[in-house]
Amino acid sequence: MARKRWMIWAGWGASVWCGGGVAAALFFGDSTKPYFLPGQTTHGHHQIELKCSECHTPFGGVKDDACNRCHAAELAAVRDSHPKSKFTDPRNAELLTHLDAARCVTCHREHVPHVTQAMGVTQPPDYCLHCHAEIAEERPSHKGMAFDTCATAGCHNFHDNTALYEDFLAKHLHDAPTRADGVRLLPVSTPSTDAALTATAATVPAGVALDAAVVSDWAASAHAHGGVNCVDCHQGGDAAAAWTPKPDHASCARCHASEAEGFLASRHGMRLAAGLSPMTPAQAVLPMRADAAHREMSCNACHSAHRHDTRRAAVDACLACHDDDHSRAYLSSPHYALWQAELSGAGAPGSGVSCATCHLPGEMHRENGRDVIRVQHNQNANLRPNEKMIRSVCQQCHGLGFAIDALADRPLIDRNFTGQPAAHVESLDLVLRRLTERQQRTTKPQ
Amino acid sequence: MNTTRTWIAGGLALLAGLGAALVGGCSRSSASAGGITPQKMADALHAVMESDRTVYTKNVVNRLQNDEKVIKASEHWKDDKALPLPAQMFRMGAEMVQAKNAGFTYALLSEWPINKQNAPKTDAEKAGLKFVVEKDGAANFYTEETLGGKKYFTAIYADIAVAPACVKCHNEHADTPRSDFKMGDVMGGVVIRIPVGDI
């Protein structure tokens with residue numbers, strides 16, 4: 001009897017153990033995990049959706065820390081118009097009962113595609129109403145405007161208003177649509193130094209074969225001109241270290257830290273940042289070329305390993321994968337004509353507009369009292385909402401009003417800005433009207 | 001069964017008693033060490049805030065912008081490569097304190113706010129700002145209020161125009177609801193809140 005009872009218990013234990021194992025394998029296995037996703041994720045997170053721990057704390061839900069790990073720096077850089085600290089003040093406690101704006105996930109929920117709108121917002125689009133119901137009293141010009149238009153009409157963003165605030169609009173009321181002398185910010189190219197190396201200086205450990213074509217490419221590159229030898233990338237700068245045949249972004253980051261940081265924050269590198277396999281066009285939501293489906297995104301996907309041709313990286317590398325309307329229309333756009341003119345020498349340096357001009361722009365940074373231009377390698381940093389690119393990109397060549405209208409015109413974007421904006425955002429008109437009224441009041445005879 | 005229940009109840013009562021003793025002990029020990037009342041705490045915090053802000057307003061903004069004309073102060077200080085306005089300096093500090101969860105909060109409010117979000121909102125704010133304006137800054141306003149299910153000691157102090165820069169900026173701003181401020185006027189109030197327990 002005792003033996004029979006023991007066997008029942010052993011059988012039960014084995015069943016639980018095996019069942020648990022099967023459940024765990026199903027739940028955590030890469031091939032089966034997609035079946036457990038509660039719903040489709042947004043375009044911003046779909047690449048990392050199978051690494052639940054990127055966002056979820058076990059038994060703790062999604063905490064703001066998870067969002068801040070990737071988004072806090074960019075919000076701080078644009079002086080977020082609605083930081084958490086605005087809402088955690090007790091005087092706003094009553095407002096938070098309507099909309100808990102102190103938490104990211106109140107407005108940005110995941111796995112709910114049926115309620116997800118632009119920018120991954122999952123609140124009804126009239127969310128501004130909760131705090132700004134009296135706006136028409138403060139600004140009579142806003143009377144009659146629907147609250148779902150605050151952030152959709154091109155006038156306001158919840159977080160980044162650096163190109164949309166009233167005094168900035170006032171400064172640029174009379175901008176010409178296009179500046180004849182417009183040029184993009186050009187990073188200073190690395191000059192040859194005393195340490196410049198020639199082909200004969202290429203040094204590899206015993207047992208590693210030197211390829212003549214590779215050596216030739218390297219000798220013509222900025223790396224050789226700057227004294228960077230094989231050991232610096234393939235052995236981490238230590239001749240005693242093991243030879244890495246294909247160095248990854250970590251090797252590049254030893255010298256190009258800000259570029260690598262941007263890459264890892266981008267749609268190209270975010271999977272690597274999360275410890276996942278590299279992004280491939282096959283996994284993309286945007287249309288990509290079928291013949292590029294299995295290319296892996298790394299620094300070398302755009303920058304050849306030894307031939308560092310930034311012109312290739314600025315256009316050809318992008319079009320080797322991207323196959324959406326906007327990308328395809330580029331080759332017949334006025335921007336591309338300018339790019340070709342620059343490449344042929346007919347246009348001034350910086351006058352051409354490549355894919356990288358807008359999506360990986362040069363950005364001015366003030367570092368240790370010096371102005372430094374660095375290329376932003378997070379190609380999504382200025383994209384959503386697209387007004388983020390007005391200051392860093394569009395205004396180098398275009399007036400503010402023209403840029404705002406152009407970015408509000410989806411068909412024009414699809415045509416890669418071939419033509420004139422058909423859309424019109426009223427914000428500059430409102431500012432001009434207000435300034436005129438104010439001027440009339442102050443000059444009115446008493 | 002009854003015995004078990006008795007033991008569990010006894011154990012829980014003992015735990016509760018120990019907890020109460022600990023909390024009581026802490027309270028008594030802080031009191032015996034000269035515990036500070038919320039009002040004294042708020043007064044001390046305000047003394048620091050008011051002094052720092054006056055120094056910044058007079059010795060930095062007013063001196064460099066209006067007297068020596070070295071650099072401007074601007075609402076858009078980053079874009080204009082200018083000094084932050086004194087009120088912005090104060091607010092940035094308040095937001096930083098807020099982010100640190102420092103155990104108190106403060107805000108700069110006014111009955112004539114440039115940004116309407118800084119108008120008095122709670123009953124205490126409305127009463128307190130009215131009070132400090134009526135008293136012309138000669139007295140502070142203290143009260144308790146309940147916000148979001150928490151009880152706060154709330155102190156409101158007059159915010160006075162201490163330099164020509166304050167008056168000029170507020171009188172001339174496009175969004176100002178009042179343009180006749182003079183030096184020494186009460187332009188608004190500093191609201192300090194210290195949580196004093198859940199209700």
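The sequence lines fix the lettering, A, B, ..., with proteins before strands; numbering per chain opens at 1. Nothing here was measured: the structure is a model prediction, and the numbers come from that model.
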Do the side chains of [Y] and [X] get nearer than 4.5 Å, heavy atoms only?
X	Y	result
B:Met49	B:Arg53	no
B:His76	A:Arg79	no
B:His46	B:Ile192	yes
B:Val133	B:Trp112	yes

Selection from B:Leu147, B:Val191, B:Val97 maximising heavy-atom pairs under 4.5 Å formed with chain A: B:Leu147
From the list B:Pro177, B:Gly148, B:Ala99, B:Ala174, the residue making the most non-hydrogen contacts under 4.5 Å with chain A is B:Ala174
Salt bridge or not between B:Lys116 and A:Glu134? Use side-chain N to carboxylate O under 4.0 Å. no
So, are B:Asp67 and B:Lys58 salt-bridged, with charged N and O less than 4.0 Å apart? no
So what's closer than 4.5 Å to chain A heavy atoms on [X]: side chain, backbone, both or neither?
X	answer
B:Ala94	neither
B:Asn101	neither
B:Asp80	side chain
B:Glu145	neither

Which of A:Cys131, A:Pro83, A:Pro90 touches chain B most, by non-hydrogen pairs under 4.5 Å: A:Pro90
Which atoms of A:Arg438 come close to chain B, meaning under 4.5 Å heavy atom to heavy atom: side chain ones, backbone ones, both, or neither? side chain
Heavy-atom distances under 4.5 Å only: say whether A:Glu94 touches chain B with side chain, backbone, both or neither. neither
Does the gap between the ring centers of B:Tyr106 and B:Phe90 come in under 6.0 Å? yes
